[in-house]
There are 2 protein chains.
Amino acid sequence: MPYDPSAFPPFAVTVDLVVLTVQRHALCALAVRRGEPPYQGRWALPGGFVRGDEDLATAAARELAEETGLHAHDPAGPAPVNAAHLEQLATYGDPKRDPRMRVVSVAHLALAPDLPAPRAGGDARSVRWAPVEDLLDQEDGYGRDGELTAPLAFDHARILADGVERARSKIEYSSLATAFCPQEFTVGELRRVYEAVWGVALDPRNFHRKVTGTPGFLVPTGGTTTRQGGRPAQLFRAGGATLLNPPMLRPEA
Amino acid sequence: MPYDPSAFPPFAVTVDLVVLTVQRHALCALAVRRGEPPYQGRWALPGGFVRGDEDLATAAARELAEETGLHAHDPAGPAPVNAAHLEQLATYGDPKRDPRMRVVSVAHLALAPDLPAPRAGGDARSVRWAPVEDLLDQEDGYGRDGELTAPLAFDHARILADGVERARSKIEYSSLATAFCPQEFTVGELRRVYEAVWGVALDPRNFHRKVTGTPGFLVPTGGTTTRQGGRPAQLFRAGGATLLNPPMLRPEA
DNA sequence: ATCATAGTCGTCTGCTTGACGATAAACAGG
DNA sequence: CCTGTTTATCGTCAAGCAGACGACTATGAT
């Protein structure tokens, strides 16, 4: 068939971000409050249009930096100070997903360590970390605290659920859970990440044996810390290994 | 920021298909020969523009049917006769990936059993199954057989490689390998699928123990066949289980 | 001094895997 | 008919890993 510019319809292309972190033993996602219709006043995932000369990954990294101050951490190369893992998640293109026009959104998944401050780009009250459980469980209605009582805008609940599921399954067979930790961390901190993401309790002794026994997963830095209380714990850095073999098994139950 | 139609650039959105099957012990992909520039005469993945009122999965299923006569098999619901597994793979949007204009392509992965005939939509010689190894190993140059000597058009080599890697890893922990088999198949046929996709030899006895011992993976139909020669083998159908736990381990080496 | 908290090292038991022997049931060819 | 070849299927054994859990260590809090 010949190449004819009128033969295909124009689309707007956006990137939406599922940014996850672990706060106070809970898996949390970044949400922004919408300032205009549609879904005005509702919470949504951060995101924006892809520019005309921009790659998809670049657009996602730009939005991430604008929203959080985090820099995407390319697996190769040294990690910057405020580094986050960033990967493409999936693409959503239902013709009716945006009532205004045809929008195809390329969702990305970002994993970040617990940040000192939410660092809103603009209005501080319009962006927040919220437990993913709260964001996904919302039914249409009024809540007692007057916050977060409506489901996420657009199809963002589905996108968030897909992102959470990706994170849950990927930490099973990769070292991705370290992306939730600061540069140096203890085995216990890493375990609490797994527990928060999976929503289960893990045996500290078996977990310790597993992660320290997997070659290339963790490298000791030599230091220790007592920031979690109790006996001082060894500090580790993420090793070069990206694939866990055999994987860390998620308890069924 | 206000909603302004001029604030974002228009994109063309396409779907590209990585359609895989197993033929004569080799993992093969569907390739079409391009009739027009750019990359005229080169092989490429099948694909096309997403229509204005069409979902991405719908567009992929339509292209798949046009190109192969296969119908996408939604995990829920009964499998049609010519059923193929279809899932979204990833999205490619480098600004320079198509020299004509800005095109974002949502690649999909389809897995099909060995088909009686390639069933080209148009010109029979312009579409063919080719071993993925051949398609990916192509260097720029001339081959002895005068065929398939150039790399795939656009960034399709990368897309194909990503699709193959997805298939290779996904059959480890899911029952997806059955998508390469006809409705009824033997343990040996399923093993040959794994061997072709992974490019390794598996021990028939251990493989048999593993797949027949995993509850919900295979259900016996009662029949037997000798179509592979040798002793008659039991026929099975794919069971309801989609996740293999524990997974089938891919030999390292 | 005592307790609570977290971290780390071991032990034991059962399951899974990988290597491989042995048997069974078909077909091909002499 | 007999024999070799091919494929399927069952069994055995040892090594490795995971889950359950006891024991001990090193901190800070009371």
Side-chain angles (χ1 to χ4, degrees), chain A residues 22 24-25 171-173 181 184-196 198 200-237 241 243-253, chain B residues 24-25 171-173 181 184-196 198 200-236 241 243-253:
Chain A
V22 174
R24 282 168 288 119
H25 283 219
I171 64 174
E172 273 190 275
Y173 56 90
C181 296
E184 296 198 348
F185 54 89
T186 70
V187 172
E189 289 164 350
L190 184 62
R191 174 170 49 81
R192 278 180 278 276
V193 164
Y194 275 93
E195 292 178 332
W198 284 344
V200 299
L202 299 175
D203 185 292
R205 299 155 293 190
N206 293 336
F207 183 87
H208 189 277
R209 179 183 58 189
K210 173 72 179 171
V211 297
T212 58
T214 300
F217 190 9
L218 299 181
V219 293
T221 67
T224 62
T225 183
T226 62
R227 62 183 170 223
Q228 299 290 337
R231 170 176 167 179
Q234 271 189 86
L235 283 169
F236 294 87
R237 203 176 317 223
L243 254 41
L244 266 331
N245 209 326
M248 173 100 52
L249 295 173
R250 170 161 36 164
E252 64 245 65
Chain B
R24 280 166 290 117
H25 282 220
I171 64 173
E172 274 190 275
Y173 56 89
C181 295
E184 296 198 349
F185 53 90
T186 70
V187 172
E189 288 164 350
L190 184 62
R191 175 170 49 82
R192 279 180 278 276
V193 164
Y194 275 92
E195 291 178 333
W198 284 344
V200 298
L202 299 175
D203 185 291
R205 297 156 292 190
N206 293 336
F207 184 87
H208 188 277
R209 177 182 59 189
K210 173 72 177 171
V211 297
T212 57
T214 300
F217 190 9
L218 300 181
V219 292
T221 67
T224 61
T225 184
T226 61
R227 61 182 172 226
Q228 298 290 338
R231 171 177 166 180
Q234 271 189 87
L235 283 169
F236 294 88
L243 252 42
L244 267 317
N245 210 329
M248 174 99 52
L249 295 172
R250 170 161 37 162
E252 65 246 69

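In what follows, chains carry the letters A, B, and so on, assigned in the order in which the sequence lines appear, proteins first and then strands, with residues in each chain numbered from 1.
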task: Hey, which sits more toward the 5' end of DNA chain C by its nearest nucleotide, A:E189 or B:P246?
output: A:E189
Straight-line distance of B:K210 NZ to B:D203 CG, nearest 0.5 Å: 14.0 Å
query: Is a donor on one side and an acceptor on the other found under 3.5 Å between the side chain of A:E195 and the backbone of A:L202?
result: yes
- prompt: Which is it for B:T186 and B:L235 under the side-chain contact (heavy atoms from CB on, under 4.5 Å) test, yes or no, and what are the steps along the way?
  reply: CA-CA 5 Å; B:T186 70; B:L235 283 169; 3.9 Å; yes
- prompt: Between A:F236 and A:T221, what is the shortest heavy-atom contact and its length?
  reply: C-CG2, 3.8 Å
- prompt: What is the distance from CZ of B:R191 to C1' of D:dT9, rounded to the nearest Å?
  reply: 11 Å
- prompt: Between atom CG of A:N245 and atom CZ of A:F217, what is the distance when rounded to the nearest 0.5 Å?
  reply: 13.0 Å
- prompt: Quick one: A:F185 CZ to C:dA6 P, roughly how many Å, whole number?
  reply: 19 Å
message: Looking at D:dA8, I'd like to know if its phosphate oxygens (OP1 or OP2) sit under 4.0 Å from a side-chain N or O belonging to B:R192.
response: yes
- prompt: To the nearest Å, how far apart are A:L190 CG and C:dG7 C1'?
  reply: 14 Å
- prompt: How many Å lie between CG on B:N245 and P on C:dC15, as a whole number?
  reply: 16 Å
message: Under 4.0 Å, heavy atom to any atom of DNA chain D: which of residues 222-234 of chain A qualify?
response: A:G230, A:R231, A:P232
message: Please find the pair of heavy atoms, one from B:V187 and one from B:F207, that lie closest to each other, and give the distance.
response: O-CE2, 3.6 Å
query: Using a heavy-atom distance cut-off of less than 4.0 Å, which residues of residues 201-215 of chain B contact DNA chain D?
result: B:R205, B:H208, B:R209
query: When the distance from CZ of B:F236 to P of D:dA8 is rounded to whole Å, what number comes out?
result: 11 Å
task: Look at atom CZ of B:R227 and say whether more than 12 heavy atoms of other residues, nucleotides or ligands are closer to it than 6.0 Å.
output: yes
task: Grab the CZ-C1' distance between A:R250 and D:dG19 for me, whole Å please.
output: 18 Å
query: Looking only at heavy atoms, what is the nearest atom pair of B:E172 and B:R250, with distance?
result: OE1-NH2, 3.3 Å
statement: What one should report as the nearest heavy-atom pair of B:C181 and B:L190 is SG-CD1, 3.9 Å
- request: Write down the distance between CG (A:L244) and C1' (D:dA18), rounded to a whole number of angstrom.
  value: 14 Å
